[in-house]
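Presented below is the structure to which this report refers.
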Amino acid sequence: MPNTTDSPLLPRIVDELAEHGWSRQGLFLPSALTAALAQECRRRAQAGQLAPAAVGRGGGQEVREGIRGDLTQWIEPGQADCCDAYLALMDELREALNRALYLGLEDFECHFALYPAGAFYKRHLDRFRDDDRRTVSVVLYLNEAWQAEDGGQLRLYLGEQGAAHDVPPEGGSLVVFISSDMPHEVLPARRERLSLTGWFRRRGNEPF
Ligand code: OGA
Ligand code: MN
């Protein structure tokens with residue numbers, strides 16, 4: 001674990017998010033923690049715990065391979081030390097975002113995602129039409145020695161004109177963006193592609 005309270009990366013992420021709506025840190029995690037998380041993801045996959053991801057929310061959920069082909073499993077506190085270390089770090093990022101940008105982020109949900117070779121996730125927004133709690137999206141990549149020819153880039157559509165910017169899913173790197181404003185997609189990968197994908201959420205607008 002890095003000494004997270006002194007980490008210069010958190011304020012940098014906050015500033016870039018405020019200025020550009022997204023941020024990428026090439027080396028966010030020490031390689032030992034990235035490796036432990038990758039191993040945990042593969043262990044769960046081999047144990048058959050990852051399931052085809054659904055599209056939509058609540059009763060409207062369905063698995064549509066034409067839209068996304070990844071397998072996922074939510075992580076919960078207390079399951080593995082490496083996951084707990086990552087959740088602790090995300091809590092620091094949540095607090096830093098709240099302090100600087102008054103986002104009122106209340107919690108963090110995240111899942112392992114495994115894209116088998118050939119899988120992709122078509123262009124989408126992370127905020128659901130019927131649930132606007134997802135506010136900031138965070139993707140940590142777990143792929144060792146990822147090469148350009150392996151594909152699998154995260155394509156962000158930036159700005160009004162929607163210029164495409166491709167991010168390679170390199171192990172230990174982190175991408176953060178505003179969930180409601182950033183259309184994005186995952187291009188097909190030529191080898192298995194692992195990530196931990198999460199969302200900071202605000203309190204919902206429940207009527208009372
Ligand atoms: C998602 C997603 C991006 C990535 O799971 O919603 O867009 O690079 N993931 O894995
Ligand atoms: Mn997404």
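In listed order, ligands and their atoms are each counted from 1. Because the structure is a prediction, the values reported are computed rather than measured.
- If you check which protein heavy atom lies closest to atom 5 (O) of ligand 1, you get Thr197 CG2, 3.6 Å.
- With salt bridges taken as basic N to acidic carboxylate O contacts below 4.0 Å, none links Arg133 and Glu106.
- Heavy atoms of Glu185 found under 4.0 angstrom from ligand 1: none, in either backbone or side chain.
- Of the polar atoms of His111, none of the N or O atoms is found under 3.5 Å from an N or O of ligand 1, judged by distance alone.
- Of all protein heavy atoms, the one closest to atom 10 (O) of ligand 1 is Arg193 NH1, 2.9 Å.
- Scanning all protein heavy atoms for the shortest distance to atom 8 (O) of ligand 1 gives Tyr141 OH, 2.5 Å.
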As a quick check of understanding, evaluate side chain to side chain contact (heavy atoms under 4.5 Å, CB included) for Ile178 and Leu17, giving each step before the final call. CA-CA 7 Å; Ile178 303 292; Leu17 198 63; 3.8 Å; yes
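- Inclusion of Asp70 in the set of residues having an N or O under 3.5 Å from an N or O of ligand 1 is not warranted.
- Scanning the protein heavy atoms around atom 3 (C) of ligand 1, the nearest turns out to be Val186 CG2, 3.5 Å.
- Within the listing of ligand 1, atoms 6 (O) sit less than 4.0 angstrom from a heavy atom of Asp126.
- In this structure, the side chains of His124 and Pro183 stay at 4.5 Å or more apart for every pair of heavy atoms.
- Side-chain contact between Arg201 and Arg94 is absent, with no heavy-atom pair separated by less than 4.5 Å.
- Nearest N/O/S atom of Asp126 relative to the Mn ion (ligand 2): this is OD1.
- When side chains are defined from C-beta on, His111 counts as touching Trp74, because their heavy atoms get closer than 4.5 Å.
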Side chain to side chain contact (heavy atoms under 4.5 Å, CB included) evaluation trace for Arg193 with Tyr141: CA-CA 8 Å; Arg193 174 193 195 272; Tyr141 297 106; 3.4 Å; yes
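- For Arg123 and Tyr157, the positive end sits near the middle of the six-membered ring, less than 6.0 Å away and at most 45° from its axis.
- Below 4.0 Å from some heavy atom of Leu154 lie the following atoms of ligand 1, by number and element: 3 (C), 8 (O).
- Taking any N or O of His124, backbone or side chain, at least one lies under 3.5 Å from an N or O belonging to ligand 1.
- Ion pairing of Arg12 with Glu16 is absent here, as no side-chain N (NZ or NE/NH1/NH2) approaches a carboxylate O to less than 4.0 Å.
- Shortest contact from atom 1 (C) of ligand 1 to any protein heavy atom: Tyr121 CE1, 3.6 Å.
- Taking every heavy atom of Trp199 and a limit of under 4.0 angstrom, the matching atoms of ligand 1 come to 6 (O).
- Of all the heavy atoms in Ser195 and Leu142, the pair that sits closest is C-CD1, 4.0 Å.
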